[in-house]
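What follows is a short report on a single structure.
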Amino acid sequence: MATLSILIAVIIASASAFSPPLLPAAARTITICDAKLASDFNLDEILAAEKEFTNNDSDVTSSEQSKRVKSRRPRAKDKKKLKMKQQLERQQKEKAQNGNANADAYAVAPEDNDSEESDANIDFETIDFLTCEITTSLDGKRIDAVLVDLLNKEQDANTEANIRISRSQCGVLLSNQCVFVISPDDASDFLAKTNPAEAASISPELIEQYCSPIERKSHNLEANSILVYPSRQSLLSPSSAAMALLSNSIPPTEIIPQNIPLDILYEDEYMIVLNKAAGMVVHPAAGNWDNTVVNALAHYLMNESPYGSGEYFTKDTENTQNSNEEVDGEELNDDDENMNDSVTNSISMLRPGIVHRLDKGTTGVLVVAKTRTALAKLSEAFANRRVKKQYIAVAIGHTGEDQWIDKPIGRHPLHRQRMRVVPDASPMKQIRLSATPKKQGRPAQSYVQTLHHDGKLSIVQVQIATGRTHQIRVHLQDHGTPIYGDDVYGFSDWNKALSSRRGITRPLLHAKRLEINHPITGEKLVFEAEPASDMKGVMNAILPLGEEV
């Protein structure tokens, strides 16, 4: 016991010998943490000092933040108005120099030194603007929702009734600063200088003076403010700068024949069967108004077909109107690349004779009707599952043994352009998760057979009993073996490797075989198409040496 006491005394003495000396009280800052090291300290004084320091610091920080917020907002607003003023001055200067009243609406404004982006030089003089006073019923509403209602209500006899302005198109107008808002404070002054009933009276100068551009689709409107927006007539007028902005999203009024090569597998006076090439959209749709299968068919049937042009494509443009509604069934959504395109889907003349569709990147057998009678019969056969469809694909990983996939497919709740396998929505889970039942999805059945596997990739053959949007791609993704090259449902690293090594930037999916009865004679017809050369090259690399597709 005595030995232990001596050892403790030695340790304490050693620690004291190596401890740094305490600084004088005036030379040290004493905090609560090290106050216990001082021989004389007043805890009350320390706490008071700490509290005073914290209060002063928070006051300074709050004051500085308030100054930043107050100074930042006016600068952002003034910056937008300054850009608009500079833009108008550039337009007037260009017109004065060129002596041309129709300055190029596509000109791009020079970049500002304080901005990383350049704004399109929109000629507001070519756009007729309308106003809408925001009432209490519209207070807090999103601008895109209000704008799409205003534009679609404003229709006249000279406007194509089927053309509906979508929210995405409204987003184009917003991002290009073609929609403005006048604050409630400035609304009375603005109304005193213009007649809202006359669109022509809203001059660019008034817009510059009173209006602030709205750039976000999620912007919430404020009651008693005034919304200034392009008229529907301006959006559809070829001479308007607004039309130039929406030229990629406004559908054409007729099918333009284009001389594009087609791989024809079969044709008679009632129907035509093609081996669709990769990169071609089946019919005109947003982002692809031309260079489609329908454009190519229009040229071929009117100029080259030995069996006649059929009922949809004639020299008389009125006969190209597709008055059938049968194609609006579920099979028309088969592999639909433009499933969210309500504009295209509402205009039947853009898809004459189309019975079913394939994705833009998918190749293979595609059936198109040439007469209304044939279209009705073929659509009925697809809807009643009297058509046998067989696909071939290259999948990542090992797809395993042959299997029957029976999983419903529905739209993805977050990514609206994508589909997904709908999770199990049993009654018990619905009660726990939500008071309202969730959508069950639509039934989808696929039979997957593995033809060959090399350890990394699989060649699979898929027979589908249903025709859901992206069905094969979604089922294989859910199985953990997505299609090679699929940039929506696949693996990005694998897709990048496929692009860099072989230059392929599409899903390796091919509609190989289709069995159907002739719509008029009832004869059983079987059509087969060979995969494209790029897909063949990948498949031959997977197969054992000496074997080929």
Quiz question: by atom type and distance under 3.5 Å, do the side chains of His283 and Thr292 form a donor-acceptor pair?
no
Judged by atom type as modelled, is there a donor-acceptor pair below 3.5 Å linking the side chain of Gln258 to the main-chain atoms of Asn291?
yes
Partner of Asp486 under side-chain hydrogen bond (donor to acceptor under 3.5 Å, both in side chains), chosen from Gln477, Arg506, His470, Arg473
Arg473
Is there a donor-acceptor contact under 3.5 Å from the side chain of Arg232 to the main chain of Leu151?
yes
Parallel, tilted or perpendicular, as decided by the 30° and 60° cut-offs, for the rings of Tyr484 and Trp494
perpendicular
Non-hydrogen side-chain atoms of Lys377 and Tyr270 separated by less than 4.5 Å:
no
Over all atoms of both residues, closest heavy-atom pair of Gly397 and Ser458
O-OG, 2.5 Å
Can you list the steps and then say if Thr399 with Thr450 is a side-chain hydrogen bond (donor to acceptor under 3.5 Å, both in side chains)?
CA-CA 6 Å; Thr399 51; Thr450 303; 2.4 Å; yes
Does Pro284 reach the side chain of Asn295, with side-chain heavy atoms less than 4.5 Å apart?
yes
Taking only residues at least two apart or on different chains, which pairs with a member in residues 269-296 satisfy salt bridge (Lys or Arg N to Asp or Glu O under 4.0 Å)?
none
Side chain of Glu311, backbone of Arg372: donor and acceptor closer than 3.5 Å?
yes
Main chain of Ala529, side chain of His510: is a donor-acceptor contact present, judged purely on distance under 3.5 Å?
yes
Would the distance check show the side chain of His356 and the main-chain N or O of Val367 forming a donor-acceptor pair, the cut-off being under 3.5 Å?
yes
If only atom types and distance count, is the side chain of Tyr489 paired as donor or acceptor with the main-chain N or O of Met419 below 3.5 Å?
yes
Please determine, by modelled atom types, if Gln471 and Tyr391 share a side-chain donor-acceptor pair under 3.5 angstrom.
no
Side chains of Thr373 and Pro519: does their closest heavy-atom pair fall under 4.5 Å?
no
Residue pair Asp478, Ile405: steps toward the side-chain contact (heavy atoms from CB on, under 4.5 Å) verdict:
CA-CA 10 Å; Asp478 182 73; Ile405 301 177; 5.9 Å; no
Backbone N or O of Leu301 within a donor-acceptor pair of the Ser309 side chain at under 3.5 Å?
no
Without hydrogens or angle criteria, can the side chains of Thr466 and Arg468 be said to hold a donor-acceptor pair below 3.5 Å?
no
